[in-house]
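Throughout, a chain's letter reflects where its sequence line sits, starting with A, and its residues are numbered from 1. Below, each value reflects all heavy atoms present in this structure, side chains not excepted, and no hydrogens, waters or symmetry copies.
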Protein chains: 2
Amino acid sequence: MSVLSLAEIQRAPGSKSGPVIDTIVKGDCVAALEALPEKSVDAIFADPPYNLQLAGDLHRPDQSKVDAVDNDWDQFASFKAYDAFTRAWLLACRRVLKPAGTIWVIGSYHNIYRVGAILQDLNFWILNDIVWRKTNPMPNFRGRRFQNAHETMIWASLGQKAKGYTFNYEAMKAANDDVQMRSDWLFPICAGSERLKGEDGKKAHPTQKPEALLSRIILSSTKPGDVVLDPFFGSGTTGAVAKRLGRHYVGIEREQAYIDAAEARIADIKTLGKAELTVMTGKKAEPRVAFNVLIDSGLLKPGARLQCAKGRHNAVVRADGTLSSGEESGSIHRLGAKLQGLDACNGWTFWHFEDAGELKPIDALRRIVRDEMARSGA
Amino acid sequence: MSVLSLAEIQRAPGSKSGPVIDTIVKGDCVAALEALPEKSVDAIFADPPYNLQLAGDLHRPDQSKVDAVDNDWDQFASFKAYDAFTRAWLLACRRVLKPAGTIWVIGSYHNIYRVGAILQDLNFWILNDIVWRKTNPMPNFRGRRFQNAHETMIWASLGQKAKGYTFNYEAMKAANDDVQMRSDWLFPICAGSERLKGEDGKKAHPTQKPEALLSRIILSSTKPGDVVLDPFFGSGTTGAVAKRLGRHYVGIEREQAYIDAAEARIADIKTLGKAELTVMTGKKAEPRVAFNVLIDSGLLKPGARLQCAKGRHNAVVRADGTLSSGEESGSIHRLGAKLQGLDACNGWTFWHFEDAGELKPIDALRRIVRDEMARSGA
DNA sequence: TGCCTTGATGAATCAGTTC
DNA sequence: CGAACTGATTCATCAAGGC
C-alpha cells in the first residue's frame, strides 16, 4: 500500500493508462478524481458528507451531550451548495468508472434525496435502493419522531443501456438461505473492537461504516481482482474489506489523521485465499452446449421422440439438431414457444425424453455433457 | 359521504372557510387542491404516480406475463415533466395544510428521490423517512438485481420552525414492545379479501395500499376528529382507514371507476368506538411487549374482548395497541397490573382470548407472530 | 369437511451474444 | 448498430379444484 499526494498521482507515469491501485490519494475529492485515468475502476462506494444541518447541541435524557457529527466537512451553506458539490463529485466519478461499472452511495434522509435526484439527472440508472436496517440505532431522545433506524444506499449503473454490470446473483442467493437477497439488509452499527480509536481512546472517525456492510456490497457487485474506488475514504473500511476479499482499492481522503488511521488498519488485513474467494455462479457461467452435441455424442438419436412434462406436446429429433412436430419445426426453444403460443421457451427444461418409463428433461443430458467437458478439461 | 365535482366544490358556500369533509372530489389533483380552503387539513397522505418508465414486457420463468403498471396516469415524458408535476401538487398541498400539519408521501426508487428533493426545495422539513418492508414482495425474475422488497415514505412538516405537529409517541411506543417505534415497518402487501376486485374479478386498482400501513400512519400522526387529505385517492384506503379510526377524510380522484370502488368500500366501514380510539398518552410501561403486531397482522381486531384466566377482569382492544376497561386503560401489562392492584403484570400470560369456546393466553398469538417473523427474516 | 395440489399474481425502471 | 438468436429466471400468499 502507498499514500500518494495529488501531485504525485499527476506525475505518475502510468496515470493516463492504468489505475493507481491499493493506494490512498491525499487531496480534494474532485481534484483527485480528475487526476485518475478515465474508465479505470470497476466499482465505487461513496459515503459523502450527510449535510446534517444540526441547529444546536443535543442532550440525552440524563443531560449528557450527544457527540454528533459537526465536522467542518459536513457544513454546507444551503441545499444549492450541497447540490453543486454532489454534482461535481458524481460527475467526476462517472469519468473514472468503466462502462460496465456501478456506483454505491450511502446517505440518510438529510442528503439521500438530493443525491438520488442528481444521480438520475446525470443519467445514472438506479438498479436498486438498499436499506441498511440498524440492529442498534441511536434512540430518538426527544420523543418527537420515529427512531431513525436505517440508512439508504443507492446502487446505480452508468445508464439504462449500460449492460454487463456485475451482480453475483447466485452467491447472494446462496448466502441468503437459497432465496433471493432482498433490498433490506440488517447489520449492527460499527462499534466495539471493530471501531477505530485514537490514542485518546475516542473514535477515530465519526461515521465509520461496518465491515459487514461493505462485504456484502463488494461481494454482490464486484469480482476478485476488481478495483473499488472510495472517494470519501475516511477510516478506510472500503479498503480494508476490498483487500480482505481480494479486490484492489483506491481511496481519496483529505485529512491526514484519517489517512494515518486507515493505512495502519489496512496493513493489518490479510487477503483471503483463492478457495474462499471463488464466486459462486449459477448455470449462467457454465459452458454453452448446443443441442446437436447431444446427437453428435449419441445421447439422443435422430428420430427420438420428445414430449413436454405433461405429454401435451411432442416432437421428433432431426439429424440437424432441430425438432419437428406436425407442420411445425425449429430449434428446441423456438418450437417449444410456438407450440405453447408463447414468445419464448427454455427448450432444455421444456422437452423431456423417456428413460426407464420416466420422463426426464433433456437438460439432464446437457448435464452429462458438461460433466464430461469439465472432467476432460475441455 | 358524498362525491362532489370540482365545480360544486368551488361554489360550495363554506369553501373559503371550512373543509369539505368525508368527501371524494372528482377532478385533477392540482385544480381540486386549489379549490379547497387554505389551512384546512391536519394531515396529507399522498401516493402519487411512481413514473415507472418500463421498457418492455417482463415474463416470469413460466413464461406468463407480469401484469405491470402501464396506466396513462403513470406516463411522463421526462424527469423534467415529472418534477414539474410533483412541484405543482406539493405546492398546492402546502396551501391547504394547517400550520402544524404534516404530509406523508410514498414512493419507490423510481420517484422518491425526486419527491424528497422537491419537498426540501419547497421548504418542507423532513421529520423521518420510513421504510415499508414487504413480507411478500414480487421476486426479481431475471436475477439481475436484488429483490425490490420495500417502498419508502417521507414524513414532513411545513418547515424547520413549524411547531406543534402531532406525533403520538407514547401510543407508538406502547404498541411496539414498549420501545420506540422504528423507521422500518413490516407489512404484507395488499392481497386476498382486502384487495378490491372489479366485476371481472381483476384488481380494481393496480396499487392499492394495505390498510395496516395507513393505520399506523394515521394513528401516529393525527388525532381523532382530524381531517386527512389524500390527493391521489385511488381505491380509497386512506378514506376507509380514516373513517374506521374516527378521522375525517377528503379524497381527490380523477377516474370515475376508482371513485365508485372507493365510495362503496368506505360505505361499508364502521367507525370504532370512543374507547378503542382514545390515544394513549400515559407514562412508560415497564415490561417489554409487542402487542400491536397482533393487530397489524389481523390476529386480533380492534374491539376484541380479552379477559383474565378466571374471567374476573376483561378489557377491549383499541386500535392503537392499548387496552381499555371501564375508566382504566394502558398497555396490556399496565392495565393487567392496575386491575389486580399489583405493581406489575405480564400481560401476555394474564390476558386471554376465546378460541373455539376455550380461553387461550394472547401469548399464543405472539408465538404465531414470532414464528412468522423468524420465517420471513424479520 | 379437510387436506393436498395446482395455478395465479403482486408499483418491475429485470439479457447477453452473434450475425 | 440493429436484428436475430439463444436461453436464464421466482417468493409468498391466496384461491380453486381434486380427492
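No hydrogens or angles considered: nothing links the side chains of A:Asn176 and A:Gln180 as a donor-acceptor pair under 3.5 Å. There is a side-chain donor-acceptor pair under 3.5 Å between B:Ser64 and B:Arg60. Between the side chains of B:Tyr258 and B:Trp73, at least one donor N or O lies within less than 3.5 Å of an accepting N or O.
Of the residues in residues 63-88 of chain B, B:Gln63 come within less than 4.0 Å of DNA chain D through at least one heavy atom, sorted by number. Residues from residues 120-130 of chain A that place a heavy atom under 4.0 Å from any atom of DNA chain C, listed by number: A:Gln120, A:Trp125, A:Ile126.
Atom CG of B:Asp72 sits in a sparse spot, with 12 or fewer heavy atoms from other residues, nucleotides or ligands closer than 6.0 Å. Atom NZ of B:Lys197 is surrounded by more than 12 heavy atoms from other residues, nucleotides or ligands within 6.0 Å.
For B:Gln208 and C:dA11, the CD to P distance is 9 Å, given to the nearest whole Å. If you take CG of A:Asp177 and P of D:dA12, they are 10 Å apart, rounded to a whole angstrom. Rounded to an integer number of Å, the gap from CZ of A:Arg367 to P of D:dA8 is 11 Å. Rounded to whole Å, atom P of D:dT6 lies 11 Å from atom CG of A:Asn292. Summarising the geometry, the separation between CG on B:Asp62 and P on C:dG10 is reported as 14 Å, rounded to the nearest angstrom. Protein atom CH2 of A:Trp155 is 11 Å distant from nucleotide atom C1' of C:dC14, rounded to whole Å. Atom pair B:Arg195:CZ and C:dG10:P shows a separation of 6 Å (rounding to whole Å applied). Atom-to-atom, NE2 of B:His150 to C1' of C:dG10 comes out at 16 Å; the value is rounded to the nearest Å.
A donor and an acceptor atom never sit less than 3.5 Å apart when one is taken from the side chain of B:Arg144 and the other from the base of C:dG16. In terms of polar N and O atoms assigned as donor or acceptor, the side chain of B:Lys209 comes within less than 3.5 Å of the base of C:dA11 in a complementary pairing.
Nucleic acid contact class of A:Ala290 (heavy atoms, under 4.0 Å, all strands): none. Contact annotation for B:Thr207: base contact, defined as any heavy-atom pair under 4.0 Å involving a base atom. Within the 4.0 angstrom heavy-atom criterion, base atoms lie near B:Pro137. Residue-level contact check: B:Gly56 touches the bases, meaning some heavy atom is under 4.0 Å from a base atom. At the heavy-atom level, B:Pro48 lies under 4.0 Å from base atoms of the strands shown. In this structure, A:Asn176 reaches neither bases nor backbone, as no heavy-atom distance under 4.0 Å exists between it and the strands shown. Across all strands, B:Asn148 comes closer than 4.0 Å only to sugar-phosphate atoms, never to a base (heavy-atom distances).
In this structure, B:Lys134 does not reach the D:dC11 phosphate: none of its side-chain N or O atoms is under 4.0 Å from OP1 or OP2. At least one side-chain nitrogen or oxygen of B:Arg142 sits closer than 4.0 Å to the OP1 or OP2 atom of C:dA15. The phosphate of C:dA15 (OP1 or OP2) has no side-chain N or O of B:Arg145 nearer than 4.0 angstrom.
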Exercise. Could you give me the CA-CA distance, side-chain angles and deciding distance for A:Arg367 and A:Asp363, then say whether salt bridge (charged side-chain N to carboxylate O under 4.0 Å, His left out) is met?
Key: CA-CA 6 Å; A:Arg367 174 86 273 138; A:Asp363 204 33; over 6 Å; no
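Side-chain atoms of B:Lys203 lie closest to C:dG10 of the nucleotides D:dT9, C:dG10, D:dA8. Of the candidate nucleotides D:dG7, C:dA12, C:dG16, C:dG16 has the atom nearest to the side chain of A:Lys163. The side chain of B:Ile189 sits closest to C:dA11 out of C:dC14, C:dA11, D:dT9. Candidate nucleotides D:dT10, C:dA12, D:dA8 were compared by shortest atom distance to the side chain of A:Gln180, and D:dT10 ranks first. Comparing C:dA11, C:dG10, D:dA8 by their closest approach to the side chain of B:Phe141 singles out C:dG10. Residue B:Pro61 has its side chain nearest to D:dT10 when only C:dA11, D:dT13, D:dT10 are considered.
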Quiz item: In dot-bracket notation, what is the pairing pattern of DNA chain D, taking Watson-Crick (N1-N3 plus N6-O4 or O6-N4) and G-U wobble (N1-O2 and O6-N3) contacts under 3.5 Å, with [ ] crossing and | for other strands?
Solution: .|||||....|||||||||
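The shortest heavy-atom contact between A:Ile112 and A:Gly107 is CD1-N, 3.6 Å. Minimum heavy-atom separation, B:Cys29 to B:Trp89: SG-CB, 3.6 Å.
Under the 4.0 Å criterion applied to side-chain N and carboxylate O atoms, B:Lys134 and B:Glu151 are assigned as salt-bridge partners. With respect to the salt-bridge test (charged N to carboxylate O, under 4.0 angstrom), the residues A:Arg182 and A:Asp184 qualify. No salt bridge links B:Asp83 with B:Arg87; every basic N to acidic carboxylate O contact stays at or beyond 4.0 Å. Residues B:Arg114 and A:Asp121 are paired through a salt bridge, judged by an N-O separation under 4.0 Å between the basic side chain and the carboxylate. A salt bridge does not link B:Lys202 with B:Asp67: every distance from a Lys NZ or Arg NE/NH1/NH2 to an Asp or Glu carboxylate oxygen is 4.0 Å or more.
For the P atoms, the distance from D:dA8 to C:dT9 is 27 Å, rounded to whole Å. Separation of the P atoms belonging to C:dG16 and D:dT10 is 16 Å when rounded to the nearest angstrom. Distance check on atom P: C:dC14 versus D:dG7 gives 23 Å, rounded to whole Å. If you take atom C1' in D:dT6 and the same atom in C:dA11, they sit 31 Å apart, rounded to whole Å.
Under the 6.0 Å distance and 45° angle rule, B:Arg142 does not count as a cation-pi partner of A:Tyr169.
Of the options B:Arg265, B:Lys301, B:Arg195, a salt bridge (Lys or Arg N to Asp or Glu O under 4.0 Å) to B:Glu211 is made by B:Arg265 and by none of the others.
Comparing A:His333 and B:Ser193 by the nucleotide of DNA chain D that holds the closest heavy atom to each, the one mapping nearer the 5' end is A:His333. The nearest heavy atom of DNA chain D to A:Val179 and to A:Arg334 marks one nucleotide each, and the one closer to the 5' end goes with A:Arg334. Both A:Tyr165 and B:Leu54 lie near DNA chain C, and the one whose nearest nucleotide falls closer to the 5' end is B:Leu54.
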